[in-house]
Amino acid sequence: SNTAKLVKEDKQYKINWSSSMIFPQLRSTDKVRVSTISAKRGEILDRNGEKLAQNGTISTVGIVPGKLGENKEENISKISELTGVSVDYINNQLSASYVKDDTFVPIKKVSADNSELKEKLLQISGIKITSTEARVYPLGEEAAHLIGYVQAISAEELKEKEGKGYNSSSIIGKAGLEQAYEDTLRGIDGTEIYIIDENGTRLKTLATQDKKDGTDVKLTIDSNIQKQLYNQMKNDKGFFVVMNPTTGELLATVSTPSYNSNDFVLGLTNSQWNELNNNENKPLYNRFLQSYCPGSTFKPITAAIGLTTGKLTTDTTFNYSGLKWQKDSSWGSDYVTTLTAYSGTKNIANALIHSDNIFFAQAAMKIGTTTFCEGLDKLGFNEEIDETIKFPLTFKKSQYSNSDEINWTEKKLADSGYGQGDILVNPIHMASIYSAFANNGNMVKPYIEYKENVQTEYLKENVFTTDVANTIKQDLIQVVENPEGTANDMKVNGVTIAGKTGTAELKNSSTDTESGTLGWFNCFTINYSSGTDMLIVSMVENTQNNSSGGSHYLIKKIRTLFVK
């Protein structure tokens, strides 16, 4: 509240003005100051408290123009060469109107631990390096697709977030969990309004709004598994999803090739951005959020649907010989082919052990289109699973058809039985489906935000009967244990592992030789004595170029988790 004195002048009332009309305590020689109290962004931690996104420091490389010396142009050229910043950009910064001889002109942000570059730069006259608070990603490329990155808020975002406490200098999550958990992680800056006298001495605080630091987010991720699998696959195009099959905790989500989250904080040059964006291997593409043709890793699902619906039994056999088969001449030149002949009975167990395409083609036809599709619907196909489980990142739904109408030919149904046709599965969804073999027919709900003393939640219950789930589990153990099993090279002494290999052909027609293949390997441990049980879904692209075959290439990499 304030009091104003009015003075009558020329028949008009006017305020007898003084600075105290703004604030009662304000004198004409005083000033009002507004300052921001910076809030801290919450950090992202793994299950063991290791930091995946933290508030750290980076180094800002700058130039003090008056100290560039006589060889100014030569020094600028050296700075340009070492930092990757163009000479034109440096000169533009140095010629800004605010710049004086003793001004520090920032040129480039670099990682605080990039000692080699900083030492080289400090040998050049005029260089000065300061420390700046910034977001730092200790795992860099190893977890970039999951964690994402922050950058300065854009004008569009600022308008969109109006009234939510952002300002033009705010930092905001732009990708991954940094973006998904923005409302949790972000800090809201405080503000203080106060009066100072002509000497800068604070006289009175008029108003304050307390800062609100962001909240940390703790993940179920295990950094050690994440790092180890990333480094196994970093030069390939593929993914790993590792989940605890009992609880649904995601222990690792790896997509390769990758990018470095720190580069986005430090600032990408145009050439760096173009290189990332135009790279044919798509390092910005998050593979574990997509959906893919699963090939033979789908066979256990076909078997389980057949057994649960009673369309198949463990004694069901089919009679055929050779490596190709068709129902009859109505299929014309279309055949189902398989890779390996074997002498045993053509039943579910042997067909899984030898990965027999012909058996599962016939099995799907015996199940029938309607029952087969109903079985897949029960597993969550065509559902937005990410929304159901409230997963922070959006991933593609799994599908069994490219259209709403399911008027399949017999050949399309047959191909679908061994994971071809129009079947596409998301890796996180696939992990949940495979968990039903470990959980008596219940699909565990995958999650990534750490919880203490968690009660297991199921995404889908009783998708298979207990007997069926355990039958398939035992068959998948034999895929690894049996000397003729396609995953016998995954056998590890002292560890019981159930697994299934898969190769998916991406042919657009029978004559297509360009589209390539995907190699898959899915497996899970049973009562793993050396640690937490793990369920691993993995895929590598372009296995037609790989002499060791996609599944076996992946097996070598997964074995590193068990064989030290």
Side-chain angles (χ1 to χ4, degrees), residues 240-243 245 294-307 312 314 316-318 338-361 363-364 417-420 425 427 430-431 433-439 441 464 467-504 518-528 533-540 543 548-559 561-563:
F240 287 105
V241 169
V242 184
M243 184 178 80
S296 296
T297 59
F298 195 76
K299 290 171 181 171
I301 299 169
T302 299
I305 291 171
L307 291 171
L312 302 175
T314 52
T316 298
T317 59
F318 299 115
T338 197
L339 285 176
T340 313
Y342 55 98
S343 55
T345 311
K346 304 291 196 289
N347 60 16
I348 286 175
N350 280 329
L352 284 170
I353 288 167
H354 298 93
S355 202
D356 182 351
N357 290 347
I358 296 172
F359 180 92
F360 286 100
Y418 57 96
Q420 293 283 160
V425 189
M430 178 70 100
I433 295 171
Y434 260 64
S435 77
F437 303 132
N439 293 317
F464 312 129
D467 286 347
V468 167
N470 289 322
T471 295
I472 299 298
K473 178 169 76 175
Q474 292 305 318
D475 291 345
L476 294 179
I477 291 170
Q478 288 308 305
V479 172
V480 175
E481 295 284 332
N482 190 304
E484 292 185 12
T486 56
N488 185 241
D489 47 339
M490 188 64 226
K491 186 174 177 178
V492 177
N493 289 335
V495 187
T496 304
I497 298 172
K500 185 70 194 78
T501 53
T503 302
L518 308 177
W520 284 78
F521 186 63
N522 298 348
C523 66
F524 56 94
T525 60
I526 295 143
N527 300 324
Y528 183 38
D533 273 318
M534 287 184 278
L535 190 159
I536 302 162
V537 174
S538 60
M539 186 275 285
V540 62
T543 58
S548 63
S551 302
H552 305 286
Y553 186 70
L554 291 165
I555 285 171
K556 285 177 190 169
K557 298 178 181 308
I558 293 168
R559 279 179 67 89
L561 294 175
F562 304 100
V563 182

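These figures come from a predicted structure and were not determined experimentally.
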query = Under a 4.5 Å cut-off applied to non-hydrogen side-chain atoms, are Val492 and Ile497 in contact?
reply = yes
message = Thr297 vs Phe521, test: side-chain contact (heavy atoms from CB on, under 4.5 Å). Steps then yes/no.
response = CA-CA 7 Å; Thr297 59; Phe521 186 63; over 6 Å; no
note = All heavy atoms of Lys500 vs all of Val479, minimum pair found to be CA-CG1, 4.4 Å
message = Within the 4.5 Å heavy-atom criterion, are Thr314 and Ile348 side-chain neighbours or not?
response = no
query = Of the non-hydrogen atoms in Ile526 and Ala498, which two are nearest, and what is the gap between them?
reply = CD1-CB, 4.1 Å
query = Hey, does Asn350 have a side-chain heavy atom less than 4.5 Å from the side chain of Phe359?
reply = no
query = What's the spacing between Lys491 NZ and Asn482 CG if we round to 0.5 Å?
reply = 9.0 Å
task = Hey, could you give me the CD/CE distance between Glu481 and Met490, rounded to the nearest 0.5 Å?
result = 11.0 Å
key: Side-chain heavy atoms of Val480 within contact of Cys523, under 4.5 Å   = no
Phe298 ring center near Phe360 ring center (under 6.0 Å) = no
query = Is it the case that Thr317 and Asn347 place a side-chain donor and acceptor less than 3.5 Å from each other?
reply = no
query = Shortest non-hydrogen contact from Ala303 to Ile472?
reply = CB-CD1, 3.7 Å
inquiry  = Aromatic contact between Phe464 and Phe437, with the criterion being ring centroids under 6.0 Å apart: yes or no?
reply    = yes
message = Tell me whether the rings of Phe524 and Tyr434 are parallel (<30°), tilted (30 to 60°) or perpendicular (>60°).
response = perpendicular
inquiry  = Under a plain distance cut-off of 3.5 Å, with no hydrogens placed, do Thr501 and Ser551 share a side-chain donor-acceptor pair?
reply    = no
query = To the nearest 0.5 Å, what is the distance between CG (Asn488) and NE2 (His552)?
reply = 10.0 Å
ask   = Yes or no on side-chain contact (heavy atoms from CB on, under 4.5 Å) for Asn527 and Thr496, after CA distance, side-chain angles and deciding distance?
value = CA-CA 7 Å; Asn527 300 324; Thr496 304; over 6 Å; no
ask   = What's the spacing between Leu561 CG and Ile536 CD1 if we round to 0.5 Å?
value = 5.0 Å
query = At what distance, to the nearest 0.5 angstrom, does NE2 of His354 lie from OG of Ser296?
reply = 13.5 Å
message = Ignoring hydrogens, what is the shortest heavy-atom contact between Thr302 and Gly417? Give both atom names and the distance.
response = OG1-O, 2.8 Å
query = Any donor-acceptor pair under 3.5 Å linking the side chain of Asp533 with the backbone of Pro245?
reply = no
ask   = Is any side-chain heavy atom of Ser435 closer than 4.5 Å to a side-chain heavy atom of Met243?
value = yes
key: Heavy-atom pair of closest approach, residues Lys299 and Leu352   = CB-CD2, 3.9 Å
key: Sole candidate of Leu535, Val241, Val425 that passes side-chain contact (heavy atoms from CB on, under 4.5 Å) when paired with Met430   = Val425
request  = Compare every heavy atom of Ala349 with every heavy atom of Asp475, then report the nearest pair and how far apart it is.
outcome  = OD1-CB, 3.6 Å
ask   = Between Ile353 and Tyr342, is any pair of side-chain heavy atoms under 4.5 Å apart?
value = no
query = Could Lys556 and Tyr553 be counted as a cation-pi pair, given that NZ or CZ must be under 6.0 Å from the ring centre and within 45° of the axis?
reply = no
key: Given Asn357, Ile358, Asp356, the one that forms side-chain contact (heavy atoms from CB on, under 4.5 Å) with Tyr418   = Asn357
query = Considering only heavy atoms from C-beta outward, does the side chain of Leu339 approach that of Thr486 to under 4.5 Å?
reply = no
